[in-house]
Amino acid sequence: MLDAQTLRKDFPILSHQVYGKPLIYFDNSATTQKPRCVIEKIENSYYNVNANIHRGVHFLSQAATEAHEEARQAIQQFLNARSSNEIIFTRGTTESINLIASSFTDECVSPGDEIIVSVMEHHSNIVPWQIEAAKKDISIKVIPMNDNGELLLDEYEKLFSNKTKLVSVAHVSNVLGTINPIKEIIRIAHEHDVPVMVDGAQAVPHMKVDVQDLDAEFYAFSGHKIYGPTGIGVLYGKEEWLEKLPPYQGGGEMISSVSFEKTVFNELPFKFEAGTPDFIGSTALAEALRYVENIGMDNIAAYENDLLDYATRRLETIDGVRIFGKAPNKGAVLSFLVGNIHHYDMGMLLDRLGIAVRTGHHCAQPLMQRLGIEGAIRASFSFYNTHDEVDVFIDGLKRVIQML
Ligand code: PLP
């Protein structure tokens, strides 16, 4: 079992106080805090290796290029991708999904075709498809779930037709915590000859993800949710698919030659990386991945599971609590409501006790509609959270409930 108390020391912000109370940061699904090594990497890059990459013959540019491409290789190894050509740097999960929504539907979809998503998707895996659906006259089918928050695979199978062109689903739900049976979902899609895009925003920070083992065509995640910087993320794509798809944006870096008569696009991965990439963010992300790998993804998963079990048991002792998401296979997310208390009021008062939780619809309004609620409180955990913090949270919650 990892030692959370020791690891906490790597995160300067965790020793802060808010309103005179020690910060308890339970908003890790929204973004994670950064270890000192990541912060120092950013600082060090700006001090020592800042120059635009790929185009320079000078020393600094070559050093920055090398660091950026080494970061790509680190991400390739982290995901166990076959080639670094399969790793595209984006701004985050949202941009990765938008890229595929745009390029895939440009190339592979005709009017009348269908895309499958699930009822528990984050807006960033719904709206990009809706935008393309409206432009290209395609429709979106939705995999339903049961009351525990598990996708209904029998119903999923029934959604396929000869018009189905892509399945795009979350690996882990940001509200319910459900770890979807993603290998099975991918296998079923492949039986129908349909490729799969996986939104891995809430999976990659919490468990080992091996893209070859999963066999998805596309997989996305965000740097800031895995202890890396904001503004950088990854799209993994099987090389043969990325070769086939047209570029998403045009500009510098993504071309091999340009004339007014004809432009030839660059090879992978640069074809999808128009403009100056975030070469500071990429190296800091690689640093964050090294940091979690040193702890061990399996250790992180085991610790967070244990913490989730403990927090769930303690939360269940509170009268009138309703927990949303009761799948047996669940990530470290607890969404809930207590009686008729408004989630926003509860979140505000918890904040006064130094406890940071998220309230609202969590960018999953269709899921809220399915659950019959407007919003919920969400506590989401990291390996740096402790059982003691859960105790303070539960005591705080009881006080807040009394006040309200
Ligand atoms: N998908 C899921 C499941 C998420 O939880 C989030 C963010 O909360 C996103 C996508 C969007 O991630 P980003 O805002 O980093 O692009």
Chemist: Got a salt bridge between D106 and K136, using NZ or NE/NH1/NH2 to carboxylate O under 4.0 Å?
Modeler: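 Result for this pair is yes, salt bridge flagged.
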Chemist: Is it the case that N125 and S168 place a side-chain donor and acceptor less than 3.5 Å from each other?
Modeler: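 Result is yes, a qualifying pair exists.
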Chemist: Quiz question: by atom type and distance under 3.5 Å, do the side chains of T32 and S382 form a donor-acceptor pair?
Modeler: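 Short answer, no.
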Chemist: Against P128, only a single residue in T94, L99, T105, I97 fulfils side chain to side chain contact (heavy atoms under 4.5 Å, CB included); can you say which?
Modeler: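 Among T94, L99, T105, I97, the one meeting side chain to side chain contact (heavy atoms under 4.5 Å, CB included) with P128 is I97.
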Chemist: I need the minimum non-hydrogen distance between L159 and T164, along with the two atoms involved.
Modeler: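 Closest heavy-atom pair between L159 and T164: O-OG1, 3.8 Å.
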Chemist: Decide whether T65 and Q62 meet the rule of one side-chain donor and one side-chain acceptor closer than 3.5 Å.
Modeler: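 Not at all, the side chains of T65 and Q62 share no donor-acceptor pair under 3.5 Å.
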Chemist: Checking Y25 side chain against Q33 main chain: does a donor-acceptor pair fall under 3.5 Å?
Modeler: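 No, because the side chain of Y25 does not come within donor-acceptor range (under 3.5 Å) of the backbone of Q33.
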Chemist: Could you tell me if N385 and E389 have a donor-acceptor pair between their side chains, going purely by distance under 3.5 Å?
Modeler: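 On atom types as modelled, these side chains qualify, holding a pair under 3.5 Å.
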Chemist: Is the H122 to H362 ring centre distance short of 6.0 Å?
Modeler: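 No.
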Chemist: Is there a side-chain contact between I88 and L242 (heavy atoms, below 4.5 Å)?
Modeler: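 Yes; the side chains approach each other to less than 4.5 Å.
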Chemist: For T90 and S96, test the side chains for any donor-to-acceptor distance below 3.5 angstrom and give the result as yes or no.
Modeler: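 Yes.
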Chemist: Check whether the side chains of D10 and Y384 place a donor and an acceptor atom closer than 3.5 Å, and report yes or no.
Modeler: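 No, no side-chain donor-acceptor contact under 3.5 Å.
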Chemist: Going by the angle between their ring planes, with limits at 30° and 60°, are F393 and F26 parallel, tilted or perpendicular?
Modeler: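 Answer is perpendicular, since the angle exceeds 60°.
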Chemist: Regarding K238 and the six-membered ring of W241, is the cationic atom NZ or CZ under 6.0 Å from the ring centre and inside 45° of its axis?
Modeler: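 No, cation not above the ring by the 6.0 Å, 45° rule.
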Chemist: Looking only at side-chain N and O atoms, does H54 offer a donor or acceptor that is under 3.5 Å from a partner on E69?
Modeler: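 There is such a pair (donor and acceptor under 3.5 Å, judged by atom type) between the side chains of E69 and H54.
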Chemist: Check the angle between the aromatic planes of F218 and F104 and answer parallel, tilted or perpendicular using the 30° and 60° thresholds.
Modeler: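 Perpendicular.
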Chemist: Is the shortest side-chain N to carboxylate O distance from R187 to E191 below 4.0 Å?
Modeler: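 Between E191 and R187 there is a salt bridge, with a charged N closer than 4.0 Å to a carboxylate O.
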Chemist: Would you say the side chains of H206 and E304 form a donor-acceptor pair under 3.5 Å?
Modeler: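 A pair is found: one side chain offers a donor N or O, the other an acceptor, under 3.5 Å apart.
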Chemist: Check step by step if side-chain contact (heavy atoms from CB on, under 4.5 Å) holds for N85 and Q76.
Modeler: CA-CA 9 Å; N85 287 345; Q76 174 205 339; over 6 Å; no
Chemist: Only one of H68, R72, E66 passes side chain to side chain contact (heavy atoms under 4.5 Å, CB included) with E70; say which it is.
Modeler: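 Of the listed residues H68, R72, E66, the side chain to side chain contact (heavy atoms under 4.5 Å, CB included) partner of E70 is E66.
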Chemist: Please check: side-chain N/O of S61 versus main-chain N/O of N52, any donor-acceptor pairing under 3.5 Å?
Modeler: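 Such a contact is found between S61 side chain and N52 backbone.
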Chemist: With a 6.0 Å cut-off on the ring centroids, do F89 and F270 count as close?
Modeler: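 Aromatic pair excluded; centres sit 6.0 Å or further apart.
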Chemist: With V204, which of T93, V292, V209, V234 fulfils side chain to side chain contact (heavy atoms under 4.5 Å, CB included)?
Modeler: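 Only one option passes, and that is V209.
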Chemist: Suppose the criterion is ring-ring contact (aromatic ring centres under 6.0 Å, His included): which pairs have a residue in residues 301-336, not counting sequence neighbours?
Modeler: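 Checked against ring-ring contact (aromatic ring centres under 6.0 Å, His included) - neighbours excluded - the pairs reaching residues 301-336 are Y310-H387.
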Chemist: What do the steps show when you test M197 against V167 for side-chain contact (heavy atoms from CB on, under 4.5 Å), and what is the final call?
Modeler: CA-CA 6 Å; M197 159 103 225; V167 173; over 6 Å; no
Chemist: Please determine whether salt bridge (Lys or Arg N to Asp or Glu O under 4.0 Å) holds for the pair D27 and R378, giving the CA-CA distance in whole Å, both sets of side-chain angles, and the decisive distance to 0.1 Å.
Modeler: CA-CA 8 Å; D27 195 16; R378 181 184 71 187; 3.7 Å; yes
Chemist: Any donor-acceptor pair under 3.5 Å linking the side chain of K163 with the backbone of P111?
Modeler: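 The answer is no, because no donor-acceptor pair under 3.5 Å joins these two groups.
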Chemist: Side chains of D199 and Y219: donor-acceptor distance under 3.5 Å anywhere?
Modeler: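 Result is no, nothing qualifies.
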Chemist: Can you run down the side chain to side chain donor-acceptor pair (under 3.5 Å) pairs that involve residues 313-336, sequence neighbours left out, and say none if there aren't any?
Modeler: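 Side chain to side chain donor-acceptor pair (under 3.5 Å) check on residues 313-336 returns R314-D391.
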Chemist: Indicate whether any N or O donor in one side chain lies under 3.5 Å from an N or O acceptor in the other, for N266 and S256.
Modeler: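 Per modelled atom types, N266 and S256 side chains form no pair under 3.5 Å.
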Chemist: What closest approach, in Å, do L60 and V49 show between heavy atoms, and which atom pair accounts for it?
Modeler: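 In this case the closest contact between L60 and V49 is CD2-CA, 4.0 Å.
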